[in-house]
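All ligand and atom numbering here is 1-based and tracks the order in the structure.
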Amino acid sequence: METNRGSEGILSEGMSEKREEIVELLKTAYFMELETVMSYVTNSVNPDGVRAQEVKESVEEDIQEELTHAQQFAARIKELYGVVPGSLEFSAEQAYLQPPEEQTDIVHVIRGVIQAETGAIEHYTRIIEETDGVDPVTQDMVIAILRDEQGHRRLFEGFLRECEVSGIS
Ligand SMILES: [Fe+2]
Ligand SMILES: [Fe+2]
């Protein structure tokens, strides 16, 4: 039995320390996604005005995608023998996605989304680096998720550009 453990890659007994390290990174990612779900629900409802409609719809579309990401991170934590954390372990960090003073301030929302997506891009890039050569399955999953986040950010960068061009940012 013992002799075969080394051939199990990241699930090998000798890899337990690295596995725990990856699980910690995945827990952070899991909570980041759930906070994003919360923030996007908020910001898909609050904004007022003609300009806000397109942004609200895009934010709303992303909610399901971010929720799916959270579920993917949770499943991977379990597969790596970790325990998905409970809500009491959660602490909020997205100060920049709180409701603005004026609900017509759509630029505030656009900038907030860009910041949330940038945070995800940075953290997931780190997971891809940390899993390189040791956990290709996690790496593969996170690469696909990273692409979604890059797409989200690019869309909102376009919204921001439009606001800049029309002088409302
Ligand atoms: Fe996400
Ligand atoms: Fe995203």
Side-chain angles (χ1 to χ4, degrees), residues 10 19-47 51-80 82-100 103 105-132 134-164 169:
I10 193 64
R19 205 161 54 232
E20 278 159 31
E21 217 177 279
I22 294 170
V23 164
E24 285 311 307
L25 293 169
L26 294 175
K27 284 182 186 174
T28 301
Y30 169 71
F31 277 141
M32 285 171 82
E33 293 290 351
L34 286 181
E35 185 172 15
T36 299
V37 167
M38 219 186 300
S39 293
Y40 286 9
V41 170
T42 304
N43 288 290
S44 69
V45 174
N46 278 338
R51 283 177 182 280
Q53 292 315 304
E54 187 86 10
V55 174
K56 280 165 74 171
E57 277 169 33
S58 292
V59 172
E60 191 177 347
E61 274 172 32
D62 285 354
I63 295 168
Q64 296 308 319
E65 235 174 290
E66 310 298 10
L67 181 58
T68 301
H69 293 163
Q71 290 174 303
Q72 286 178 285
F73 282 118
R76 192 61 189 151
I77 289 167
K78 174 98 173 166
E79 286 161 5
L80 292 176
V83 177
V84 182
S87 58
L88 287 181
E89 278 184 56
F90 173 76
S91 66
E93 284 170 8
Q94 293 179 351
Y96 47 86
L97 264 175
Q98 304 309 301
Q103 299 315 311
D105 185 1
I106 199 64
V107 173
H108 169 89
V109 174
I110 296 169
R111 287 191 197 282
V113 169
I114 291 172
Q115 198 168 336
E117 298 294 344
T118 300
I121 287 168
E122 287 171 354
H123 186 60
Y124 302 167
T125 298
R126 178 166 171 216
I127 298 178
I128 290 165
E129 285 167 6
E130 295 284 341
T131 52
D132 193 48
V134 292
D135 182 359
V137 176
T138 298
Q139 190 183 45
D140 199 52
M141 181 189 87
V142 178
I143 287 170
I145 295 175
L146 176 62
R147 188 185 183 183
D148 290 342
E149 313 303 11
Q150 289 174 342
H152 295 161
R153 187 172 74 174
R154 182 65 190 89
L155 181 68
F156 283 81
E157 283 172 347
F159 289 144
L160 185 61
R161 184 78 196 117
E162 187 181 53
C163 292
E164 282 166 0
S169 69

**Message:** Check this for me, if you would: do Asp105 and Arg111 make a salt bridge, where the nitrogen-to-carboxylate-oxygen distance has to be below 4.0 angstrom?
**Reply:** no
**Prompt:** Which pairs count as salt bridge (Lys or Arg N to Asp or Glu O under 4.0 Å) when at least one residue sits in residues 144-163, sequence neighbours excluded?
**Reply:** Arg153-Glu157, Arg161-Glu164
**In the protein, N/O/S atoms that are found under 2.8 Å from the Fe ion (ligand 2), waters not counted** = Glu66 OE2, Glu117 OE1, Glu117 OE2, Glu149 OE1, His152 ND1
**Message:** Under the criterion side-chain contact (heavy atoms from CB on, under 4.5 Å), I'd like the reasoning laid out for Glu21 against Leu25: C-alpha separation, chi angles, the key distance, then a yes or no.
**Reply:** CA-CA 7 Å; Glu21 217 177 279; Leu25 293 169; 5.6 Å; no
**salt bridge (Lys or Arg N to Asp or Glu O under 4.0 Å) contacts touching residues 54-66 (sequence neighbours left out)** = none
**Asked** Who passes ring pair (Phe, Tyr, Trp, His ring centres under 6.0 Å) against Tyr96, sequence neighbours left out?
**Response** none
**Item:** Residues Glu122 and Arg126 bridged, charged N to O under 4.0 Å
**Value:** no
